[in-house]
Amino acid sequence: ELATAPERYVKHPGRGFTRNRKLGLASLSRLLLTMQGNSISNELERYFQHSEGTPTASAFVQQRGKIDPEFFHEILRRFNARCNDTQNYRGYRLYAADGSCLNVARNETVESFVRSSTNEGYNFLHISALYDISNVVYQDCVIQPATKANERADLIAKLKTNSFPQKSIMILDRGYQGYHLFAHLENTPNVDFVCRVIQGERGFRHLRNLPMMELDTYIHPELTTTQTNEDKRLKRVLIHLLGKKANANDPSLTRSWDFP
């Protein structure tokens, strides 16, 4: 279905997949989604059943390079839209958000390359996924060079591009704690969340003195992007806006603040 309008999903509309070839957008996407980890040549032979005129590995690489990554994101969205996922936990859809790094073939010329002080370097891709626990399906996924990874920003983007018609609970690990993300979660309809947080100096100021035991308590932090005497007197939490090169874990630090 998507392959009938290839100009929407190629890097150069009007130039990619305009001719009828064995490796058109439809066949290439099916091949990519069913590859089993063998060499490209072996995968091509398997897919085309060793037929005469099987495309070469070079042709595969050239055709693959024409596809915009958004094409596969759209496949995931349409797949989920057709699934009748009804499983829930006490009326709530449970979503787990987490990230992981994937070591890929070494290539110094691409963005995923990380220079190491102890060896010649390596290539990492970072996967940031939103997983529907009860229905065992990925709701959304972002794959990018590990050097550009920002799990909190990725989840904010997922909140903006996905709808949550049913009551939902987001389950988050410590890497997600941050006032900016929590504010977005609070303002997303039908979404509640539970997050494991960091203790100590890197954690939320209001949680540092809580006892290490199970308990229920309410906290009401007041946030500000200013630093007036009134802010200091009321012990408001100052939201620091980071520069582009900053890499901090403090939950009061963020690259942007989307709220008044």
Starting from [Y], can I reach [X] by hopping between I/L/V/M/F/W/Y residues whose side chains sit under 4.5 Å apart?
X	Y	value
Tyr179	Leu234	no
Ile127	Leu130	no
Val104	Leu32	no
Phe259	Leu159	yes
Phe60	Tyr9	yes

Is a side-chain donor or acceptor of [X] paired with a backbone partner of [Y] at a separation under 3.5 angstrom?
X	Y	result
Asp132	Asn135	yes
Ser27	Lys22	yes
Asn42	Asn38	no
Asn150	Lys148	no
Asn80	Gln139	yes
Arg106	Glu120	yes
Thr188	Val191	no

Calculate, to the nearest 0.5 Å, the distance between atoms [atom1] and [atom2] belonging to [X] and [Y] respectively.
X	Y	atom1	atom2	answer
Leu185	Leu172	CG	CG	6.0 Å
Leu33	Ile75	CG	CD1	5.0 Å
Leu238	Arg205	CG	CZ	9.0 Å
Ile219	Leu210	CD1	CG	7.5 Å
Leu125	Leu102	CG	CG	5.5 Å
Lys158	Lys160	NZ	NZ	13.0 Å

Q | Of Asn123, Asn107, Asn103, the residue whose pairing with Ser112 passes side-chain hydrogen bond (donor to acceptor under 3.5 Å, both in side chains) | A | Asn123

Q: Please report the C-alpha distance between Leu25 and Phe71 in whole Å, then the side-chain angles of each, then the deciding distance to 0.1 Å, and finally whether the side chain to side chain contact (heavy atoms under 4.5 Å, CB included) criterion is met.
A: CA-CA 10 Å; Leu25 184 56; Phe71 174 67; 4.0 Å; yes

What pair of heavy atoms forms the shortest contact from [X] to [Y], and how long is it?
X	Y	value
Asn190	Pro165	ND2-O, 3.3 Å
Ile198	Gln177	N-OE1, 2.7 Å
Glu151	Tyr176	O-CE2, 3.5 Å
Tyr47	Arg30	OH-NE, 3.3 Å
Thr54	Leu44	CG2-O, 3.7 Å
Phe17	Lys66	CE1-CB, 3.8 Å

pair [X]-[Y]: side-chain heavy atoms closer than 4.5 Å:
X	Y	answer
Ile67	Val10	no
Arg8	Pro6	no
Leu23	Arg64	no
Gln63	Arg21	yes
Glu74	Phe72	no

Q) Who passes ring pair (Phe, Tyr, Trp, His ring centres under 6.0 Å) against Phe124, sequence neighbours left out? A) Tyr122

(Q) Evaluate Phe164 against Tyr95 for ring pair (Phe, Tyr, Trp, His ring centres under 6.0 Å), listing each step before the verdict. (A) CA-CA 11 Å; Phe164 302 92; Tyr95 294 100; 5.7 Å; yes

Q) Is Arg196 salt-bridged to Asp173, going by a charged N under 4.0 Å from an acidic O? A) yes

**Q.** Side-chain ion pair, Arg115 and Glu108, N-O less than 4.0 Å
**A.** yes

Q | ILVMFWY cluster membership beyond Val194 - transitive side-chain contacts under 4.5 angstrom | A | Tyr89, Tyr92, Leu94, Tyr131, Ile133, Val136, Tyr138, Ile169, Ile171

Q) Any side-chain donor paired with an acceptor under 3.5 Å for Thr226 and Asp231? A) yes

**Q.** Donor + acceptor pair across side chains of Asp154, Gln144 (<3.5 Å)
**A.** yes

Q) What residues form a salt bridge (Lys or Arg N to Asp or Glu O under 4.0 Å) with Glu43, not counting sequence neighbours? A) Arg46

Q. So, Phe182 versus Phe204, ring centres under 6.0 angstrom or not?
A. yes

Step through the shown structure and confirm whether more than 12 heavy atoms of other residues, nucleotides or ligands are within 6.0 Å of [atom1] on [X].
X	atom1	value
Lys11	NZ	yes
Phe79	CZ	no
Glu186	CD	no

Q.
Could you go through Asp192 and Lys167, starting from their C-alpha distance and side-chain angles, then the distance that decides it, and tell me whether this counts as side chain to side chain contact (heavy atoms under 4.5 Å, CB included)?
A. CA-CA 8 Å; Asp192 293 315; Lys167 293 190 298 182; over 6 Å; no

Q: Take His73 and Asp140 through the side-chain hydrogen bond (donor to acceptor under 3.5 Å, both in side chains) test and state the conclusion after the steps.
A: CA-CA 8 Å; His73 207 174; Asp140 204 343; 2.5 Å; yes

Q. Does the side chain to side chain contact (heavy atoms under 4.5 Å, CB included) test come out yes or no for Val237 and His206, once each step is laid out?
A. CA-CA 10 Å; Val237 177; His206 300 78; 3.5 Å; yes

Q: Please determine which of Lys235, Arg236, Lys232 meets the salt bridge (Lys or Arg N to Asp or Glu O under 4.0 Å) test together with Glu222.
A: Arg236

Q) According to the interplanar angle, ranging from 0 to 90°, do the rings of Trp257 and His180 count as parallel (below 30°), tilted (30 to 60°) or perpendicular (above 60°)? A) tilted

